[in-house]
Amino acid sequence: MSSGQVLAIAIPVLIILVVTVGVVSMRRRDEAGLGRLSKETRARDVAAGLSVDDDVEVVSGREVERAAALERIGGTIEPVVAPSAPEPWSPPDLEALAVTRRQFLNRSSIGLMILGLSGFGAASLAFLWPKVAGGFGSKVNLGALSDVDAAIGGSQPAEGFSYFAEAQSYIQRYPAEALGAAETVYKENIFEGMRLGYVALWQKCPHLGCKVPACGTSQWFECPCHGSQYNRVGEKKAGPAPRGLDRFPIEIKDDGAFIVNTAVVVQGPVIGTNTTQQGLEGPHCTTGGH
Ligand code: FES
C-alpha cells in the first residue's frame, strides 16, 4: 500500500476520533456539573448574605457542647434543632437545563477545532487525490501503444513532437542508432524506455520551471522564459538551464498499455550530452541562448 493510500485512510479515521473525543468530553462536563452551583453563583450568594449550602440548617458540634454545658450549670438554652435528613438527590432533566455561558464557550471552541481539523483533512485529501486516483504524480496510462504511436505520427503540437497533458510530458521517439551512446549516459530505468523506442520528457524547464514548448522549425524545445534550448530528446543545447530536460520511466504492459511513471522524476543529462547528434533544422522560435 502506497503512502498516499495510507494517508487517505488515516486522515478520515483521525477526524472521526477527534469528533468522538470532543463529543464524549462535552457530555462528561455537562453531567459532572449537574446539581452543583457554579463558583460565580456561590460568590454572588455569599455577597448577598445567603447560605451557599442547601437549605438544611446545620448545627455544629461546638454548639451542641455549649448547650450541654449550659444545661449542666442550670442555664437556659435554646433548644437544639436536629438537622432533618436531606432529600435524596435526583439528577435534573438535562433537557430542562439551559445552556450556561461556560458550556456555550466550551462547545463553540471544540466545534471550531473540529471544523478546522476537518478542513485540514479535506485539503490534505484533495492534495493527495491525484496520486490515489492515478493522475500526474503516479503511473499514468496513456492508452494503447498503437494510439500513442498514432498521436506521435500526428505530431501535435509541432511536427516531430507529441504532448500528453495527463502526464505533463512529451513522448518522443528515440532513434535506435543512438542507443549505443545512450547506454553510457542514461540510467537503466530511462534507458529501458529508449530501448523500446521512446523517451518521456517532463514539460518543466529545469532552469526556473517554465513550460517548455516545442519549436516546429528548429525541431528543438525552446524555453520562452530565458531561452534555454534542448534537442528533440531533451538534451541541452543552449541557455542557462543546468541540465537537459527531466524525464520519466516508461513501460509497455503485456496488453499494450503505454505507462509513464510520473512518480519518479529522473534528472536530465548533464550539459554537453548529445547522443543523437541532432543539429538545428531551421530557424529558432525564441531568441535563445542567453
Ligand atoms: S525557465 Fe526556461 S530558461 Fe529559464
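All heavy atoms count here, side chains included; hydrogens, waters and symmetry mates do not. Every number for a ligand or one of its atoms is a count from 1 in the order of the listing.
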Note to self: By the definition ring pair (Phe, Tyr, Trp, His ring centres under 6.0 Å), identify the one residue from Y163, F161, Y230 that meets it with F221.
What the structure shows: F161
Check: Should side-chain heavy atoms under 4.5 Å link Ile, Leu, Val, Met, Phe, Trp and Tyr, which residues sit in the same cluster as L280?
Finding: W220
Checklist line | Check: T273/Y186 side-chain N/O donor and acceptor closer than 3.5 Å | finding: no
Margin query: Distances under 2.8 Å only: what protein N/O/S atoms are near atom 4 (Fe) of ligand 1, ordered by chain and residue?
Written below: H207 ND1, H226 ND1
Check: SG of C210 to SG of C225, below 2.5 Å?
Finding: yes
Next item on the list: Please answer whether the main-chain N or O of V266 pairs with a side-chain N or O of K187 as donor and acceptor at a distance below 3.5 Å.
Entry: no
Item checked: Side-chain donor or acceptor of Q219 paired with backbone N/O of Q278 under 3.5 Å -> no
